[in-house]
Q: 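I'd like to ask some things about the structure below.
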Protein chains: 2
Amino acid sequence: MNIGEIARRAGVSRSTVSYALSGKRSISPATRARIQAVIDELDYQPSAAARALSSGQTQTLGLVFPPAGSHYTDMQLDFIGSLVEAAAGFGYDVLLAAAVGDGRQGLRRLVAERRVDGAVLMEIRLDDARVDYLAAAGFPFVTIGRVGEPEHTRWVDLDYTALVRSCVSHLAQLGHRRVALVNRSERLFRAGYESAHRSLTGFERACAEYGVVGTTHLCGDDAAAGEDVIGRILVADPATTALVTVNEAALGGLYRGLAAHGRRIPQDFSVTGIAAGRWAAAVTPQLTAADVPAVEMGRVAVELLLELLATPDAPPRHVLLTPPVSLRASAGPAPASDD
Amino acid sequence: MNIGEIARRAGVSRSTVSYALSGKRSISPATRARIQAVIDELDYQPSAAARALSSGQTQTLGLVFPPAGSHYTDMQLDFIGSLVEAAAGFGYDVLLAAAVGDGRQGLRRLVAERRVDGAVLMEIRLDDARVDYLAAAGFPFVTIGRVGEPEHTRWVDLDYTALVRSCVSHLAQLGHRRVALVNRSERLFRAGYESAHRSLTGFERACAEYGVVGTTHLCGDDAAAGEDVIGRILVADPATTALVTVNEAALGGLYRGLAAHGRRIPQDFSVTGIAAGRWAAAVTPQLTAADVPAVEMGRVAVELLLELLATPDAPPRHVLLTPPVSLRASAGPAPASDD
DNA sequence: CTCGCCGGTCGAACCGGTTCGATGAACGTA
DNA sequence: TACGTTCATCGAACCGGTTCGACCGGCGAG
């Protein structure tokens, strides 16, 4: 079932069918109706491949999927879900590329084989080979997260620095003077993940600003690592009374570790952080945290990308989000000091 | 940069380049080397659209993404991740289709526009319009989960009936006599989600088999609903001493609800179920549960689908998985009865 | 020496759309 | 009445691959 068959049955030429479908030239109402009738009868849909070949547009966006072996978080799932939905709203599909190695392999498939019109990158590093590759190739892309020098790219990101600062500020107001940061894993930090680095920066600055003594800790992305890091925190500074976590996958472990060390939340120890709302609500007591607006971020990413496709020469636009800290139950006044 | 340019620079015809690339006819080593040199120099990659158009194969698999508005679970994320990776291993990409309405809309894009060579469906209902549509269209597909009459389709699924039975069996051995089932949401149950229905069946049968009094409860897919359902369970049968949950998103809420009602886990109340390992490990005490082998399921789905693409006439193959119940800390002997 | 076969290569058709330039009919205007 | 427009439509070229049949030269067998 192709456009030629439709044309034949409607008694017109192939180009007329094409114009009737695209609306790029005027077609008489009578002809248009006849063509539409044939299309409806045969349930015709134009071939995506043929259309892509001749028009040069695939109506598909690429998403470079987080590297293999990393522990997926809910945040990522929400990104994907909202990307797919937002893209569908504009008539685009989303193609997933497995990121192997530094992620350029998967990109090659997307870009060099021209499978997609534009790409969305996530899990961004401060110095990201994929971003450099796409920028050099002149291929349209946006990032969820931003590189170290983000002025010339388009992105949507959380302001980790400010969010961690808000958490520290909140804890300081509650009287806490010794606070720990639970960061992402050593592997991700070493790889230069921007969220891990910006969180660290924000934490150190905020501690200085609020006169708080801070210790920082890398932590694997699972419950066992979270449980483990509590011990390390209390060794590093036994007087620690609060923590800020940007590691949502470790959250359950943090709670368990605190309980194991006899710290009740929030009476003995306060917990705050940045997390998907689902995780924040799953733990008891519920987590006082900045909720990651993952759905909004996915939607914005698609909008930025389509904007870029429509007007390639427009200056880069960025969206930096700073969701408020939702006050739940895991942070309270600092316990009376023993000093 | 197209195949004609490569041919010109290598001093051969376009078809020779094509055959050198595909290996479908023999090419002299000298010619092959010359062509390869040009390809390497220009970093040439054939256009996916052109290839798809002429060969009729897209090297892409479609995945119908869970309907909008549903709460995504970790299980789904793991499916997607493993699908993408497994597909990449075979040289395939994965295209996501947003499921709107009953999901046929998104499928139309995939199938009628011939964007993919085959499709993977998840979130299967006992009576699933998408499955009927694909079967009627003769389009290659596999399902993660299975319909009510699954003999003629290809699928990989968890044996919910058996897994729930294992949980009940385990609880019965521990002396529990009054057990609750926490099922998925009313919306999903009404829609005919197979996991919700088979879990219910398995639970009722197992209760009869082990002489256990069971109550069953639908429960929304979030922590608040989980907290809420505990009250309903204790109203329905105040003597309940254990539950089986197939609702991983509600898990944190179940724990909180039990604590709110003064039930300690596992001393006063035992919890078992089916969940992604990550959630099972995140709660305290860790959940005694059958861990969903999501990664394996995704991989198997891809294998089944590629098998189907390679040999369309082979009889349907199924894989029914029954992972063991991991004994963790949330289930213990039934408390002494008050009777 | 000649014939037949086979490995290697070429040219052309084809996949199913899009798009440009041309064409013809209808219509308003000078 | 002749001419310039505008509208609707057509034909052909093109996008960039794959694949089939044909062709050519060299080699082994008869």
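Worth knowing before you read on, the calculation uses all heavy atoms, side chains too, and leaves out hydrogens, waters and symmetry mates. The chains referred to below are lettered A, B, ... by the order of the sequence lines, with proteins before strands, and numbering in each begins at 1. Remember, it's a predicted structure, so these values are computed and weren't measured experimentally.
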Q: Write down the distance between CD1 (I3(A)) and P (dC10(D)), rounded to a whole number of angstrom.
A: 12 Å

Q: Is the phosphate of dG17(D) approached by S18(B) (side-chain N or O, under 4.0 Å from OP1 or OP2)?
A: no

Q: Report yes if some heavy atom in the side chain of E123(B) is under 4.5 Å from a heavy atom in the side chain of Q76(B); otherwise report no.
A: yes

Q: Flag the pair D128(B) and R130(B) as a salt bridge only when some basic side-chain nitrogen lies within less than 4.0 angstrom of an acidic carboxylate oxygen.
A: yes

Q: Whole angstroms only, please: what is the CZ-P distance between R8(B) and dT9(C)?
A: 19 Å

Q: For a quick test of reading the model: is some side-chain N or O of T16(B) closer than 4.0 Å to OP1 or OP2 of dC10(C)?
A: yes

Q: Tell me: CZ of R32(A) to P of dC7(D), nearest whole Å?
A: 14 Å

Q: Would you say R14(A) reaches dG17(C)'s phosphate, i.e. side-chain N/O to OP1/OP2 under 4.0 Å?
A: no

Q: Please determine if E194(A) and R125(A) form a salt bridge, counting it only when a charged side-chain N lies under 4.0 Å from a carboxylate O.
A: no

Q: Whole angstrom is fine here: how far is it from CD1 in I27(B) over to P in dC6(C)?
A: 18 Å

Q: Which is more 5' along DNA chain C, the nucleotide nearest T31(B) or the one nearest S55(B)? Just name the residue.
A: T31(B)

Q: According to a strict under-4.0 Å criterion, is K24(B) in side-chain N/O contact with OP1 or OP2 of dT19(D)?
A: yes

Q: Any chance the side chains of S28(B) and T31(B) put a donor and an acceptor closer than 3.5 Å?
A: yes

Q: Would you mind reading off the distance between I39(B) atom CD1 and dG17(D) atom C1', rounded to a whole angstrom?
A: 13 Å

Q: Between dG11(D) and S15(A), is there an OP1 or OP2 to side-chain N/O distance shorter than 4.0 Å?
A: no

Q: Can you tell me which nucleotide in dG17(C), dC10(D), dG16(D) comes closest to the side chain of L53(B)?
A: dG16(D)

Q: Rounded to the nearest Å, what distance is computed from the CZ atom of residue R51(A) to the C1' atom of nucleotide dC15(C)?
A: 16 Å

Q: Would you say a side-chain N or O of S13(A) is under 4.0 Å from OP1 or OP2 of dC10(D)?
A: yes

Q: May I ask you to evaluate whether Y19(B) reaches the phosphate of dG17(D), defined as a side-chain N or O under 4.0 Å from OP1 or OP2?
A: no

Q: Nearest whole angstrom, please: distance from the P of dG17(C) to the CD of Q59(A).
A: 15 Å

Q: Does D132(A) have more than 12 heavy atoms from other residues, nucleotides or ligands lying within 6.0 Å of its CG?
A: yes

Q: Side chain of S54(A) only, heavy atoms from C-beta on: which candidate in dT9(D), dC15(C), dC15(D) is closest?
A: dC15(D)

Q: Whether the side chain of R25(A) and the base of dG21(C) hold a donor-acceptor pair under 3.5 Å is what I'd like checked.
A: yes

Q: Could you tell me whether the phosphate oxygens of dG17(D), OP1 or OP2, come under 4.0 Å of any side-chain nitrogen or oxygen in S47(B)?
A: no

Q: Rounded to whole angstrom units, what separation is found between the CG atom of N2(A) and the P atom of dC14(C)?
A: 13 Å

